[in-house]
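Reviewing the structure listed below.
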Amino acid sequence: DGGITQSPKYLFRKEGQNVTLSCEQNLNHDAMYWYRQDPGQGLRLIYYSQIVNDFQKGDIAEGYSVSREKKESFPLTVTSAQKNPTAFYLCASSIDRGGTDTQYFGPGTRLTVL
Amino acid sequence: GNSVTQMEGPVTLSEEAFLTINCTYTATGYPSLFWYVQYPGEGLQLLLKATKADDKGSNKGFEATYRKETTSFHLEKGSVQVSDSAVYFCALNSNTNAGKSTFGDGTTLTVKP
């Protein structure tokens with residue numbers, strides 16, 4: 001079955017540590033996105049990529065980094081510079097580079113900083 | 001810039017009640033409009049969408065009509081079920097804001113038996 005997988009589902013991190021969240025898709029989509037969701041709030045865009053080896057900052061990119069070396073993979077690193085990283089992280093992809101098409105979401109990773 | 005404003009929640013209804021969740025938007029260009037649903041602990045999934053003015057999106061008894069004159073895309077369902085309890089997000093994509101979707105803050109719906 002085609003879809004988006006995120007791992008792990010739950011992740012715990014000590015303060016001062018970097019951590020990488022995985023996102024893989026087998027939908028052959030060009031565009032991929034990372035969002036952050038805090039309780040009772042909407043989604044905020046962290047980074048997005050419309051093509052391999054290229055990505056753009058979203059609205060809250062500070063303290064995060066990404067790479068897009070393969071079409072199917074878009075890992076997100078939460079660095080120690082991110083002051084409040086505890087949140088639910090969602091990865092998404094879409095077929096349309098212009099961003100006008102449906103986004104398909106993974107199941108999410110819940111990150112907790114201890 | 002683009003923005004989406006959703007009716008604030010939470011919304012609590014009895015089973016078989018009528019549901020309306022309001023959504024209005026501000027956008028440049030010709031946006032596509034979406035409703036996504038999120039069940040507890042999961043990612044979002046598309047509920048319905050409309051890509052041009054006067055289009056009606058529908059799925060699983062839910063409907064929404066793209067009203068350009070009122071810049072609205074209100075979600076409706078005639079008879080809700082307990083299984084409809086979830087968070088609903090209105091969103092837009094605009095071809096003038098490539099790669100960026102704009103989401104509302106979400107509306108939590110609880111349906112009681």
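Convention: sequence-line order gives letters A, B, ...; per-chain numbering from 1.
- Atom CG in Leu43(A) sits 11.0 Å away from atom OG1 in Thr102(B) (nearest 0.5 Å).
- From Asp101(A), atom CG reaches atom CG of Leu46(B) across 9.5 Å, with rounding to the nearest 0.5 Å.
- Cluster annotation: Tyr89(A) and Val113(A) are assigned to distinct hydrophobic clusters (Ile/Leu/Val/Met/Phe/Trp/Tyr, side-chain heavy-atom contacts under 4.5 Å, transitive).
- Heavy-atom neighbours of Tyr10(A) OH from other residues, nucleotides or ligands within 6.0 Å: at or below the threshold of 12.
- Between atom CZ of residue Phe105(A) and atom OH of residue Tyr36(B) there is a gap of 5.5 Å, rounded to the nearest 0.5 Å.
- Under a cut-off of 6.0 angstrom, the local environment of CD in Glu69(B) is crowded, with over 12 non-hydrogen atoms contributed by other residues, nucleotides or ligands.
- Interatomic distance, Gln45(B) CD to Thr102(A) OG1, rounded to the nearest 0.5 Å: 12.5 Å.
- Heavy atoms closer than 4.5 Å to chain B are found in the side chain of Gln37(A), but not in its backbone.
- The hydrophobic clustering, which links ILVMFWY residues whose side-chain heavy atoms are closer than 4.5 Å, places Tyr35(A) and Val66(A) apart.
- Put simply, OH on Tyr33(A) and OG on Ser101(B) are 5.5 Å apart, with the number rounded to the nearest 0.5 Å.
- For a residue to count as touching a neighbouring chain, one of its non-hydrogen atoms must lie under 4.5 Å from one of that chain's; by this rule Gln6(B) does not touch chain A.
- The line from CD of Gln103(A) to CG of Leu44(B) is 9.5 Å long, rounded to the nearest 0.5 Å.
- Residue Phe103(B) is not grouped with residue Tyr104(A) when hydrophobic side chains (ILVMFWY) are merged at heavy-atom distances under 4.5 angstrom, including chains of intermediate members.
- Interface remark: Phe88(A) contributes side-chain atoms only to the contact with chain B (heavy atom separation under 4.5 Å).
- Tyr88(B) is connected to Phe73(B) through a chain of hydrophobic side-chain contacts under 4.5 Å among Ile, Leu, Val, Met, Phe, Trp and Tyr, so both are in one cluster.
- In terms of heavy-atom pairs under 4.5 angstrom with chain B, the leader among Gly106(A), Gly108(A), Cys91(A), Pro107(A) is Pro107(A).
- Val4(B) and Ile60(A) fall into different hydrophobic clusters, where Ile, Leu, Val, Met, Phe, Trp and Tyr side chains are chained together by heavy-atom contacts under 4.5 Å.
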